[in-house]
Number of protein chains: 2
Amino acid sequence: MAVMTISAPAGSRDLPHPACEEIRLEGVLHALSDPMRLRIVRELAAAGGGELSCSQFELPVTKSTTTHHFRVLRESGVIRQIYRGTAKMNCLRGDDLDGLFPGLLDALLAAADRQSRLA
Amino acid sequence: MAVMTISAPAGSRDLPHPACEEIRLEGVLHALSDPMRLRIVRELAAAGGGELSCSQFELPVTKSTTTHHFRVLRESGVIRQIYRGTAKMNCLRGDDLDGLFPGLLDALLAAADRQSRLA
DNA sequence: ACCGTACTACGACGGTTATCGTACAAGCCG
DNA sequence: CGGCTTGTACGATAACCGTCGTAGTACGGT
C-alpha cells in the first residue's frame, strides 16, 4: 500500500479519468452496449448534468456489480466520478463527449428514450 | 440435412434478419463497438448505400472471422445480406435504423470519421 | 464433370466480462 | 470510541467473444 502516483496527493482519493484525446469511440459504444450501464447513463442525463451518488441508483444487481459498471463508464470516458465525503458522485462528461463527437450523446440518448417508449 | 424452415423455399439461401421492431439499441452499439465491425460499417457507408460483397473488404483477419463479424452485424440489424450467386452482398440498413433511431447512424459515422481523422 | 471462387459450420483456444459473496477501507455522526 | 453508511478489492464462476484452422457447401464457368 501507500504507493501513490505523482498526481495523487497524500490523503486524496482521486480517480483516474481518461483525457479527452484518450477517449475511444469503440470504448464508449462498448460501455453503452450494456443495459445496466445504458440505464445509468440515461438516469444521469435525466438529472440534467447534475451529480448523483452511486447509491441513488436502484439497480437490480449487487453493490459490487454496480461498482464495476461505474468504473467501466468512467474508464471509457462517459462519466466523471469524484468522492464527496463517503459518497461517490457521478456526472456525465457531456461537454467532453460533445467536443469529441458532436451530437453523438444526444442521438444516443434520444435513441434510448425512443426505444424505451416504444418497447 | 434437407430440413427447411417454413419461410425458406426449396432452393433459396435466405438469411434471417431481425425485423425493425426486434432491433435493440444495445445490440447495435455492441456490434459497432468492435473495431473490425466499425470499419466494415464505415466502408459500407462510404459506398453510399450500395452493395459490397464480403470479399471486397480487405480485413486483417481470416475469412472465418470475417464471416463471424458480418453475421453479428446482420443479426444486430445493422446490415442486410443477400446472396447473389456465390457472392454475399452487404448493405447498411440505413433507412430502417433511421426510422428507429433518427440521426443515430449519421452521428455514429460522423464520430468514427472524426476519430479516424484526428487520431 | 470438374475446378475454382466465395462463403459457412464447427470445434478449439485464450481472453474478457458480468455477476456474486465476503471481507475490508474511508468518512461521518452520535 | 463505536457504529453506520458508502463504496472497494479480491477471488470465483459461468458465460461470452474474437480469433483461428479445417473441412465442407453452393454456385458459376470451362
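So that the names make sense, note that chain A is the first sequence line, chain B the second, and so on, each numbered from 1.
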Student: Less than 3.5 Å apart, any donor N or O on the side chain of A:S64 or A:T67 sitting next to an acceptor on the other?
Tutor: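 Note: A:S64 and A:T67 side chains miss the donor-acceptor criterion.
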Student: I need the residues from residues 68-76 of chain A with at least one non-hydrogen atom less than 4.0 Å from DNA chain C; give them sorted by number, or say none.
Tutor: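 Result for residues 68-76 of chain A: A:H68, A:H69, sorted by number.
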Student: How close or far is atom C1' of C:dG15 from atom NE2 of A:H30, stated in whole angstroms?
Tutor: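 Atom-to-atom, A:H30 to C:dG15, this comes out as 13 Å.
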Student: Quick check on DNA chain C: between A:T65 and A:R84, whose nearest nucleotide comes earlier from the 5' end?
Tutor: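 Closest to the 5' end, via its nearest nucleotide, is A:T65.
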Student: In whole angstrom, what separates B:I82's CD1 from C:dC7's P?
Tutor: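 Value for this atom pair: 13 Å.
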Student: Between the side chains of A:Q56 and A:E43, does any donor sit under 3.5 Å from an acceptor?
Tutor: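 Short answer, no.
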Student: Take atom CG of B:D14 and atom P of D:dA26, then tell me their distance rounded to the nearest Å.
Tutor: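 Going from CG in B:D14 over to P in D:dA26 covers 14 Å.
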Student: With a 6.0 Å cut-off (strictly less than), is the heavy-atom count around CG of B:D95, excluding the residue itself, greater than 12?
Tutor: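 Open.
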Student: Rounded to the nearest 0.5 Å, what separation is found between the CG atom of B:L97 and the CG atom of B:L108?
Tutor: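 Between B:L97 CG and B:L108 CG, I get 9.5 Å after rounding to 0.5 Å.
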Student: Is it true that B:R39 and B:D34 have a side-chain N and a carboxylate O under 4.0 angstrom from each other?
Tutor: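 Looking at B:D34 together with B:R39, the answer is no, because their closest N to O distance does not fall below 4.0 Å.
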Student: Between B:L32 (CG) and D:dG18 (P), how many Å, whole number?
Tutor: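 After rounding, the reported distance stands at 12 Å.
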Student: What parts of residues 37-64 of chain B reach DNA chain C, counting only heavy atoms under 4.0 Å away?
Tutor: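 Heavy-atom contacts with DNA chain C come from B:S53, B:C54, B:S55, B:K63, B:S64.
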Student: Under 3.5 Å, is there a donor-acceptor pair linking the side chains of B:R24 and B:S76?
Tutor: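 Distance-only check fails for B:R24 and B:S76.
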Student: Taking only the side-chain nitrogens and oxygens of B:T86, find out if one of them lies under 4.0 Å from OP1 or OP2 of C:dC7.
Tutor: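 So the side-chain polar atoms of B:T86 never come under 4.0 Å of the phosphate oxygens OP1 or OP2 of C:dC7.
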Student: Just the rounded figure in Å: distance from C1' of D:dG7 to CD of A:Q81.
Tutor: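 Result: 10 Å.
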Student: So A:S53 and A:R84, side chain to side chain donor-acceptor pair (under 3.5 Å) or not? Walk me through it.
Tutor: CA-CA 9 Å; A:S53 74; A:R84 210 181 284 301; over 6 Å; no
Student: Looking only at atom types and distance, does a side-chain atom of B:R37 sit under 3.5 Å from a main-chain N or O of B:A31, one as donor and one as acceptor?
Tutor: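 Pair found, side chain donor or acceptor close to backbone of B:A31.
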